[in-house]
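Worksheet: the structure to be examined is printed underneath.
In the text below, chain A, chain B and the rest are named by the order of the sequence lines, each starting its count at 1.
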Amino acid sequence: MRSFQHINVFTLEEAVSVLKDSGGKAQVIAGGTDIIGVLKEQILPDYPEILLNIKAIPDLDYIKKDHEGLRIGPLAKLAGLAKSPAVREKYGALAQAARSVGSPQIRNMATIGGNLCQETRCWYYRYPHSIGGRLLCLRKGSGSCLAVNGDNRYHALFDARRCFAACPSDVAVALLLLGAEINILGIGGKRTVYLQDFFHPLGNALEPGEIIGGIHIPTPPVGAKQQFLKFTLRKPIDFAVVSAAALIVLDGGICTEARIALGAVAPGPRRFPEAENFLKGKRLETNVLEKAAGIALEGAKPLSKNGYKIEIAKTLISRALSACLENESFNH
Amino acid sequence: MSKEFSYLNLNKSASYSYVGKNLKRVDMLDKVTGRGKYIDDLKFSNMLYAKLIRSTEAHARIINIDTSEAEKLPGVKAIITAKDVPSIKYGLSPARYDENIFCTDTVKYYGDKIGAIAAIDEETVYKALKLIKVEYEVLPAVFTPAEAAKEGAPQIFEEYPGNVNTEIHLEFGDVEKGRQEAYHIRTDRLSGQRTLHGFIEPHCTIAYWKGKRVHVQSTHQSVHYLQHHIARIFDMKEGDVRVTLPYVGGGFGGKVDISGTDVAAVALSKITGQPVKVFFDLEEVWLNGRGRHGMDMKYTTGVTKEGKIVFVEAEVILDGGAYSGLGVATSYYTGSLLNVLYDFDNYKFDAYRYVTNLPPCGAQRGHGQPHPRYAFESHLDHIAEDLGMDPIDIRIVNARKANTVTPNGYEVKSYYLKEANELARDVSGWKEKKGKLPKGRGIGVGNGGFVTGAGFCMYRTDLPHSIGMIKIYDDGTHAIVYTQAVDIGQGSDTVLVQMAAEAMGFPYEDITICTRDSDLATLDYGAYASRQTLMAGWAVKRAGEDIKKKILIQAAEMLKVKEDGGYRSGKLMPEELDCKEGYVFVKQEPAVNISFAEVARAYFVKHGVLVGRGYYHPGKLGGSHKGAAVGTSPAYSSATQIAEVEVDMETGETKVVGTWDVHDSGCVVNPQLLHGQVHGAFSMGIGETIWEKVVFDEKGKLLNGNFAEYRMPTALDMPHVESLVLDTFEPNGPWGVKEVGEGATTPTLGCVANAVYDAIGVRVTDLPLTPESIWRGIKEAEKAKEKEGK
Ligand SMILES: Cc1cc2nc3c(=O)[nH]c(=O)nc-3n(C[C@H](O)[C@H](O)[C@H](O)COP(=O)(O)OP(=O)(O)OC[C@H]3O[C@@H](n4cnc5c(N)ncnc54)[C@H](O)[C@@H]3O)c2cc1C
Ligand code: SF4
């Protein structure tokens, strides 16, 4: 591993200003579970000279209830999210998603901010530099996509155009379901983006020098039932082939609110308004759920090797929905 | 949970002091405290760090290697390529030495060895690697046996026309006659994938020269073969090569070949005059390869109405990757043990191993067996189904019996496969489950076994296979056992100390084992072919008995029987004495005794050092056909495994919910270590059945050289394992022992695959049985059914 400078910062403002002064040579490190691997394998052509340790900033790992919902600090650990009574009570899908990540060791280190900013798992993108040189592709700013004509069994089904990498974050799926907003801090001040606008086909909404300062989740509708499910090949320590989250509100057996989100099928987590609308106003019989799952996947554009993900996604959607109905955990 | 279970109870282990006991591993504290040294813990002053320069083409002619920029980098001490090292070819099969230290003309796979760089630290080596420029003339490449076999396919080696590296055609008995006699004949084709061992310690070698001698420290499964091949490659005397192995972090067959780290370290340290450490990163372990071959297998079998096999025709096609390594032996092993397991006379076996432009394949736990076992056990289930027979019954009908000779000439002494099947059936609840489980749940059986050590050295020699030596300390209180047996984690150090203790009658706790050092310890071929317990065991046992003999002679002079009312008066003879757990006593009157230490000290005063010597050579074993050397062995283990699975019919996901293993392993020296091997075998075998596969892109580049994408099961993926032993006795083994290590993986793939078949009603023929392939299997079957319905 090449050497770098490791600098502690003690406020978010200081972090932003060091990032600015470094002229692109510094990068944030939080739990380090993703970035250390990225640097060790030298998968990217640019290598930071400075790692800016934001873990030294006090009190940024909060998980706080207020009258508008839940506020989560960028350094909140996934283990903490999975355990937090506040999260489990009203934001169950988020607790389940956080619990599904990696192993206890990883969840004890990994932060929510880092989870949203982690690099894609596309295996061409992650190809280690030490064995014959890193692979350059469109996402790295040079050449074309290697996956589209290659082995794309884990790649995106929706919204991808030139890069077909899927977003690996499970936490993002739950956050999207729950309508979260991301507070971003930069040289120019603060701004807020909705989670659905955070992920871009080739990265995310952060401009150079910007960092995630916090996350806000509005209080879910009264009576909402939620469920996050994840399909992996191996049981623990594995990324999602597909993950799904659903939220449902029933009134007298009739669906008044429905949300469906999928992960690992697009450049970001994705909602399915047509399928959601289809559910509203209906009694949620099994065939209705299956129909909704079918509608959700109608627009999927499989690549040469990932067609199977469509079937997994459909199954997960119906199971997540019916788990909401049963209000019992099907968690993988 | 594992039970001590004496089913057959054929040996007398109950009366032993140390053999048959769950004693603590001798390396336990070293390993759990982190105090034990693995190679990466070793540091030497002045040590240089080095890495291999690897090919970035799958098949290409090297036009030019420009090292000039890298040489200018401060801290770079040496850069070597083919022109700087001996050009002799090496490998593990003498008939197929085909690997150079560094590629001389063409590179044969992506990651092939082109050279090496040594520098003052790791960072400089990585920097220097980036400055090497290799100019290639790219050649067309082949990545599958089918491509390699095509007319006009690019030739990878001149010496392997048509890219055929090994071709085997054997026939025993009369297959045509069998065909006439058969009541039912069936053919099945299945395939197995490339997998890798998955040990966590990457290969690494540190070498340094002192005068004409070189000291090589490495991650290896054999002291002797490394010493032999380093001497051969560098044209040295074996006595000038000292090999030592620190603790080895797993091997499973992947550390039997001479690795690029070994040859590069020896060459670089010679040139620089400094200790040199050559190390792999994890992904390079995949590039080094030597794991399981990809295989296409076709079996045609004829049976009688009762399910008795009357002939088998087997054809196996192996994807060998770029070099031979152990692949010739692998090819023979794919066929040679089938009729050890099942007793039938007429057997035709053809195999073709192709070279391809991918990392070389070699030996992986169960060497050449697990895939063919998987295929044949699946095939056998279909035959049973065709006949309306229970899968266990057809196995019992065909199970080999003890004291028989196979049609290919192998002599099988102890063999209790029938009993293993019966017990496995009874403890797993097979009768209540088979055919009675709900859709999506299934139970399956698989049989297997292995050689207990190969009958021949890998190269031609008249050396014994194992030599043991034991030295007793001057004051008689401690013993050192010397052997080059290699503990790669399987526990051979522990069982050899148990055996030494038993043979001498000396306390287990007072023995130290000195292993893995060619200067200090005595010859043994190392850890492969499941040989340590039997072969090194014999040598250590005999060394211990040699000590005991000398102790009893000495004690006879020292012990006095009571004159009045005693056992008898007069001088004692050694035959009247025995020694156990550190005391020599009169057999007829144990109260008359003396401590081993006192006797040993007296011996030392009188004669000097007390040393015991043991020798083992298996002698001439059965089989005379070409390739008989691969498969002949002093003893054969057998085992039955049963797995119960749950398949999610919507996603194709398989969960193994229960496993049972019954082993015919002879006398079990340390039951806990045996159960550990069985648990490990299930974990490896389940991984290979459901998840594991080495993936390359269309240009031969490795895509999943890491443990995130190359999925091996974790503890949470493991089912309950019920491991039982039959407690059998093998006349050719010390105390009646046989192997467990490699054989235990051989039934697993078949039993899990058969359970999946039972659960879903469709045979998915290609490993691994991923959720996707199972799901597709289910869908295709549904479609076929619909069509039928119309
Ligand atoms: C074995 C393994 C299994 C895994 N399995 C899963 C899984 O199943 N599901 C899943 O979702 N994830 C999984 N992950 C990914 C893991 O969740 C992420 O690595 C982790 O959440 C990243 O958090 P971190 O704090 O360690 O980030 P770091 O590694 O420190 O940082 C990651 C990136 O985020 C940036 N960053 C961090 N904090 C901020 C901030 N506040 N503002 C702006 N940028 C920031 C860093 O600059 C860096 O680019 C797995 C990882 C491993 C190693
Ligand atoms: S999917 Fe994206 S990251 Fe992967 S190879 Fe294509 S462009 Fe690169």
Side-chain angles (χ1 to χ4, degrees), chain A residues 1-4 34 37 40-43 47 102-104 106 121-135 146-147 149-154 168 229 231-239 241-242 290 293 304-316 318-319 330 332, chain B residues 51-58 110-112 121-123 125-127 129-130 134 280-284 286-287 648-655 687 690-692 695-699 701-718 768 770-773 775-776 779:
Chain A
M1 192 161 175
R2 278 170 55 179
S3 50
F4 50 76
D34 188 50
K40 193 161 178 227
E41 302 291 10
Q42 300 184 47
I43 64 175
Y47 198 92
S103 61
I106 288 172
R121 302 303 304 183
C122 167
W123 49 15
Y124 294 97
Y125 191 81
R126 291 257 170 185
Y127 189 83
H129 188 54
S130 63
I131 49 175
R134 67 182 67 83
L135 300 179
L146 302 166
N149 294 320
D151 196 327
N152 46 40
R153 67 182 83 176
Y154 304 125
L229 290 179
F231 185 82
T232 54
L233 296 180
R234 176 170 65 194
K235 213 180 299 168
I237 324 180
D238 209 354
F239 286 90
V241 173
V242 178
E290 280 169 8
S304 55
K305 290 195 168 169
N306 67 352
Y308 166 69
K309 287 179 68 161
I310 296 180
E311 304 307 321
I312 297 294
K314 283 197 226 163
T315 305
L316 280 195
S318 357
R319 286 186 184 176
F330 251 71
H332 191 73
Chain B
K51 288 200 75 66
L52 300 183
I53 302 167
R54 292 187 177 278
S55 152
T56 53
E57 293 294 340
Y110 193 104
D112 210 349
D121 55 26
E122 290 188 15
E123 195 176 341
V125 180
Y126 284 114
K127 268 193 197 145
L129 277 172
K130 284 183 212 154
V134 184
F280 281 173
D281 289 315
L282 189 61
E283 50 274 13
E284 290 181 276
W286 269 263
L287 292 183
D648 183 328
M649 298 296 282
E650 285 176 7
T651 63
E653 184 184 5
T654 300
K655 202 163 125 192
I690 303 178
W691 297 290
E692 294 174 37
V695 184
F696 301 93
D697 78 357
E698 68 290 349
K699 292 205 179 92
K701 241 183 212 187
L702 173 71
L703 282 180
N704 60 348
N706 60 68
F707 288 124
E709 302 291 354
Y710 185 87
R711 291 174 177 79
M712 301 183 76
T714 68
L716 292 181
D717 296 294
M718 280 296 284
T770 60
E772 177 172 358
S773 62
W775 178 83
R776 285 192 192 288
K779 289 291 151 199

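- Using a cut-off of 4.0 Å between Lys/Arg side-chain N and Asp/Glu carboxylate O, A/Arg319 and B/Glu650 are scored as salt-bridged.
- Using a 4.5 Å cut-off between heavy atoms, A/Leu146 does not touch chain B at all.
- Within the 4.5 angstrom heavy-atom criterion, only side-chain atoms of A/Arg153, from C-beta onward, approach chain B.
- Top candidate by heavy-atom pairs under 4.5 Å with chain A, chosen from B/Asp281, B/Ile53, B/Leu702, is B/Leu702.
- For chain B, the option among A/Gly307, A/Ser3, A/Ser103 with the highest count of heavy-atom pairs below 4.5 Å is A/Ser3.
- For B/Pro713, the part sitting under 4.5 Å from any heavy atom of chain A is the backbone (N, CA, C, O) and nothing else.
- Using a 4.5 Å cut-off between heavy atoms, B/Asp648 contacts chain A through its side chain alone, with no backbone atom that close.
- Residues that satisfy the side-chain hydrogen bond (donor to acceptor under 3.5 Å, both in side chains) test with B/Asp121, not counting sequence neighbours, are B/Thr124.
- Interatomic distance, NZ of B/Lys701 versus CG of A/Leu135, reported as 4.0 Å (0.5 Å rounding).
- The contact between B/Tyr110 and chain A is made entirely by side chain atoms (from C-beta outward), counting heavy-atom distances below 4.5 Å.
- Panel note: side chain A/Trp123, backbone B/Asn704; no donor-acceptor pair is recorded below 3.5 Å.
- Atom-to-atom distance recorded for B/Leu703:CG and A/Cys122:SG is 9.0 Å, nearest 0.5 angstrom.
- Once rounded to the nearest 0.5 Å, the distance linking CD1 of A/Ile312 with CH2 of B/Trp775 reads 8.0 Å.
- Note on B/Glu123, B/Arg54, B/Glu772, B/Lys779: by heavy-atom pairs under 4.5 Å with chain A, the leading option is B/Glu772.
- Considering all non-hydrogen atoms of both residues, A/Asp238 and B/Ala708 come closest at OD1-O, 4.2 Å.
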Margin query: Walk me through whether A/Glu41 and B/Glu283 qualify under side chain to side chain contact (heavy atoms under 4.5 Å, CB included).
Written below: CA-CA 10 Å; A/Glu41 302 291 10; B/Glu283 50 274 13; 3.3 Å; yes

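- Panel note: side chain A/Tyr308, backbone B/Thr651; a donor-acceptor pair is recorded below 3.5 Å.
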Margin query: What verdict does the side chain to side chain contact (heavy atoms under 4.5 Å, CB included) test give for A/Asp151 and B/Asp697, after you've listed the backbone C-alpha separation in whole Å, the side-chain angles of each residue and the deciding distance to 0.1 Å?
Written below: CA-CA 7 Å; A/Asp151 196 327; B/Asp697 78 357; 5.8 Å; no

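- Taking every heavy atom of both residues into account, A/Leu233 and B/Trp691 meet most closely at O-NE1, 2.6 Å.
- Heavy-atom pairs under 4.5 Å with chain A peak, among B/Lys130, B/Lys51, B/Glu284, B/Lys127, at B/Lys130.
- The distance from atom CG of B/Leu716 to atom CZ of A/Arg234, rounded to the nearest 0.5 Å, is 10.5 Å.
- Judged by distance alone, the side chain of B/Asp717 and the main-chain N or O of A/Lys235 form a donor-acceptor pair under 3.5 Å.
- Only the side chain of B/Leu287 comes within contact range of chain A, judged by heavy atoms closer than 4.5 Å.
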